[in-house]
Amino acid sequence: MPRAYNFSAGPAALPETVLRQAAEEMLDWHGSGMSVMEMSHRGKEFISIHAEAESLLRELLAVPANYKVLFMQGGAIGENAIVPMNMLRGKASADYIDTGEWSKKSIKEAGKYCKVNVAASAKDAGYSCVPPRDSWKLDPDAAYVHICSNETIGGVEYHFTPDVGNVPLVADMSSNILSRPVDVAKYGLIYGGAQKNIGPAGLTIVIVRDDLIGQALPITPSAFDYKQQADNDSMLNTPPTYAIYIAGLVFNWIKAQGGLKAMEAHNRAKAALLYDYLDSTAFYSSPVAKADRSLMNVPFKLKDESLDAAFLKGAEERHMLQLKGHRSVGGMRASIYNAMPIEGVKALVAYMKEFEAKHG
Ligand SMILES: *Cc1c(COP(=O)(O)O)cnc(C)c1O
């Protein structure tokens, strides 16, 4: 079977060249006589893989020197607890912006550790938009302001960095990290699971300003204490070595594509193909406000839901996989992360047109 166009929301498609390189290096990494999976995390080979991955990530995102880059575990759901444990810094409450399913999960989990102030919510708008910044009721004494920069399920993305004054801005960037340039200095902390736009599941990226760490709650597990991990180069315990290696290959691939500006242009072109078509027909629809549509996850509905199964079956026959929408919202969802080539989106739009011509 040829490589399919995989529209999975995560774990998601990886660049084919990365997979080929990993296959070539599987049994013998650079003459070491070992697979990366078999290396000691404290050996010179893996230390070099780890250091290169960190340095490439710093370069791609232009991470300022006063930020720590941590390679952790526990996923973004783990971070929903790890963030308040580390970031309350003696304060009693944190502000959260509610833009959909992933924000709701963050809010619920943070509630175990602090008072959560939902400073704005898109609930009444059916989670179809980002609440306008001037409607946010922020608390100047909050420990931080938490946003989800891209709602993977709802397909709502921030196309601006909110100004929240002196309170640190914390972002769950699981599903749009590295899709475009970001001014890291505007954030106190950025986190994300790797399995959407970076690499294999099991690795969590944390980028945190160094003055914000070192005041974790006493109950914080050592492995989840940012300061302890930073002081140990993310090797307080065994890190997810193979996932870090693959992430490094992906960072190299992004660099070779021209970095994050090139990624953004590529991602905008792909998303425009899909949204322009969705807007041109009544057969399909996008539920998200135009200004806040995600470049990464494109949910859409068929006007006649009874055709959903036939649509998915035809897509699979054409090697287009995982287009079924999240169970909580139904319909379809095309996730078109960095690794999705524009040919995949063209093939999808061509199929959507063909399906409409037959059933419309
Ligand atoms: C996938 C995802 C999560 C969940 O991540 P895990 O790695 O499964 O813990 C959280 N937030 C966002 C925005 C996501 O896309």
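In listed order, ligands and their atoms are each counted from 1.
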What do you reckon, are the aromatic ring centroids of H50 and F71 less than 6.0 Å apart?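 Yes, the ring centres sit under 6.0 Å apart.
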
How does [X] reach ligand 1, if at all, at less than 4.0 Å between non-hydrogen atoms: by side chain, backbone, both, or neither?
X    : value
T204 : neither
Q195 : side chain
S174 : side chain
E79  : neither
A9   : neither

Tell me whether I77 has any N or O atom under 3.5 angstrom from an N or O of ligand 1.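 There is such a contact, yes.
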
Best match, A201, A76, G193: closest heavy atom to atom 6 (P) of ligand 1: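 Closest candidate by heavy-atom distance is A76.
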
Relative to each other, are the rings of F160 and W136 parallel, tilted or perpendicular (30° and 60° limits)?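 Aromatic pair F160/W136 classed tilted.
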
Where ligand 1 meets [X] - atom numbers and elements under 4.0 angstrom, heavy-atom basis:
X    : value
C148 : 13 (C)
T152 : 12 (C), 13 (C), 14 (C), 15 (O)
S175 : 15 (O)
N150 : 13 (C)

May I ask whether [X] and [Y] are part of the same hydrophobic cluster, defined by side-chain heavy atoms of I, L, V, M, F, W, Y residues being less than 4.5 angstrom apart, directly or through others?
X    : Y    : value
F7   : I153 : no
I205 : M72  : no
V182 : L212 : no

Nearest-neighbour protein heavy atom for atom 1 (C) of ligand 1, which is reported as residue plus atom name and distance: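 Heavy-atom neighbour on the protein nearest atom 1 (C) of ligand 1: K196 NZ, 1.5 Å.
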
Which residue holds the protein heavy atom closest to atom 11 (N) of ligand 1, what is that atom called, and what is the gap in Å?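 Minimum-distance protein heavy atom for atom 11 (N) of ligand 1 reads D172 OD2, 2.7 Å.
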
Taking the side chain as every heavy atom from C-beta outward, state whether [X] and [Y] have any atom pair closer than 4.5 Å.
X    : Y    : result
L178 : N338 : yes
R293 : Y275 : yes
Y67  : L61  : no

What closest approach, in Å, do Y96 and P84 show between heavy atoms, and which atom pair accounts for it?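 Looking at all heavy atoms of both residues, the closest pair is OH-CD, 4.3 Å.
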
